[in-house]
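Quick notes on the structure that follows.
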Amino acid sequence: MSEALPTVTNEEQIQLPTKEERAFALSQRQAKGLANSDLVPKAFAGNVANCLIALNLSKRIGCDPLMAMQQMAVIHGKPSWSATFLIACINKCGRFASLQFRIEGEGMKRSCTAHAVELATGDVVEGPPVSIQMAHDEGWATKSGSKWKTMPDLMLRYRAAAFFARTIAPEVAMGLYCEDELRDVE
């Protein structure tokens, strides 16, 4: 005859961590390591919570956490990407051929439109145009220290890339603004 197994009450049962709890614990350990590094930007140094957010964002966009942290700025308490990082993400995502910029016009009518060939269809897709007039109307070009005054063509490209990402490929930016955009909201 076999012996009956003892019964275990609910209080005696061992609760094993769920998959989500194990993943969070691992992320916390990674965030602590990053927070202790001298290589992370100021917004992440010693700040485990910010590092956790950066880990989450890097996982969602499929890039290295340190690279995401190096390309992320915290403006007005909100994470944002550098424009160059957004351009790199668009170019790397595999959905488009390399992002291109069309500059037209002169003076206040100078504008830039970011465009790319969508690889699946062969169609050219383009974001909204950005102009020097828009930069003035929105107050971007008149702010103290504004790069719009000294590097207007570069700023046109950066803003056009951000508009392209937001309207054509929002999954690339994950809803985050470009750091220049957030600074201009001040």
Side-chain angles (χ1 to χ4, degrees), residues 16-101 112-121 124-128 130 140 145 147 151 153-186:
L16 297 175
T18 65
K19 181 180 176 183
E20 291 80 15
E21 289 168 330
R22 289 191 308 275
F24 183 74
L26 175 61
S27 291
Q28 265 190 319
R29 287 195 307 275
Q30 292 171 326
K32 286 177 186 173
L34 288 165
N36 289 323
S37 172
D38 292 336
L39 298 177
V40 298
K42 182 180 166 187
F44 303 101
N47 192 323
V48 175
N50 281 3
C51 289
L52 270 172
I53 291 167
L55 282 168
N56 177 277
L57 286 169
S58 71
K59 181 191 249 182
R60 287 193 285 154
I61 66 169
C63 79
D64 178 76
L66 184 58
M67 181 174 56
M69 294 166 100
Q70 294 288 348
Q71 298 302 317
M72 193 182 299
V74 179
I75 313 291
H76 309 302
K78 296 178 179 182
S80 61
W81 299 122
S82 70
T84 54
F85 183 70
L86 278 181
I87 295 167
C89 288
I90 291 165
N91 288 342
K92 188 177 182 282
C93 76
R95 185 174 159 199
F96 308 100
S98 186
L99 191 64
Q100 302 293 311
F101 301 95
C112 180
T113 304
H115 60 94
V117 174
E118 193 165 28
L119 297 174
T121 64
V124 174
V125 291
E126 57 183 50
V130 179
W140 309 333
K147 296 295 183 189
M151 297 185 254
D153 280 1
L154 182 63
M155 296 308 292
L156 282 169
R157 284 174 174 87
Y158 284 173
R159 193 57 56 95
F163 282 12
F164 181 95
R166 195 165 358 286
T167 59
I168 306 298
E171 69 280 4
V172 168
M174 289 307 225
L176 298 186
Y177 283 89
C178 180
E179 65 182 293
D180 295 324
E181 292 175 296
L182 285 182
R183 282 194 175 94
D184 287 339
V185 172
E186 261 180 20

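Model, not experiment: these values are computed from the prediction.
Atom CZ in R183 sits 11.0 Å away from atom NZ in K147 (nearest 0.5 Å). Here L66 contributes atom CG and Q70 contributes atom CD; the two are 5.0 Å apart, rounded to the nearest 0.5 Å. Rounding to the nearest 0.5 Å gives a distance of 15.5 Å between CZ of F164 and CZ of R157. Here CG of D153 is found 11.5 Å from CZ of F101. Values are rounded to the nearest 0.5 Å.
Residues F96 and I168 have side chains in contact (heavy-atom distance under 4.5 Å, counting atoms from C-beta outward). Residues M155 and W140 form no side-chain contact, since every pair of their non-hydrogen atoms from C-beta on lies 4.5 Å or further apart. Using a 4.5 Å heavy-atom threshold, the side chains of Y158 and V130 count as separate. Counting heavy atoms from C-beta on, the side chains of V172 and I61 never come closer than 4.5 Å. Taking the side chain as every heavy atom from C-beta outward, R22 and L26 never approach each other to under 4.5 Å. A heavy-atom distance below 4.5 Å is found between the side chains of C51 and M69.
Heavy-atom minimum distance, P128 versus T167: CD-OG1, 3.4 Å. Here the closest non-hydrogen pair linking Y177 and L182 is CB-CG, 3.9 Å. Considering every non-hydrogen atom in both P65 and L34, the closest pair reads CB-CD1, 4.3 Å. The two residues F44 and M72 have their closest heavy-atom pair at CZ-SD, 3.7 Å. Between L99 and A114, the shortest heavy-atom distance links the atoms CD1-CB, 4.1 Å. Closest of all the heavy-atom pairs between S58 and A68 is CB-CB, 3.8 Å.
The environment of F163 atom CZ is dense: over 12 non-hydrogen atoms of other residues, nucleotides or ligands sit within 6.0 angstrom.
Residue pairs meeting the salt bridge (Lys or Arg N to Asp or Glu O under 4.0 Å) criterion with at least one member in residues 83-96, sequence neighbours excluded: R95-E118, R95-E171. Among residue pairs with one or both ends in residues 38-63, none qualify as salt bridge (Lys or Arg N to Asp or Glu O under 4.0 Å); sequence neighbours excluded.
N36 places a side-chain N or O within donor-acceptor distance of the main-chain N or O of K32, the cut-off being under 3.5 Å.
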Quiz: residues 77-90 side-chain donor-acceptor pairs under 3.5 angstrom, not counting sequence neighbours:
residue	atom	partner	partner atom	Å
S80	OG	A73	O	2.9
W81	NE1	A173	O	3.1
S82	OG	Q71	OE1	2.7
S82	OG	T84	OG1	3.3
S82	OG	F85	N	3.1

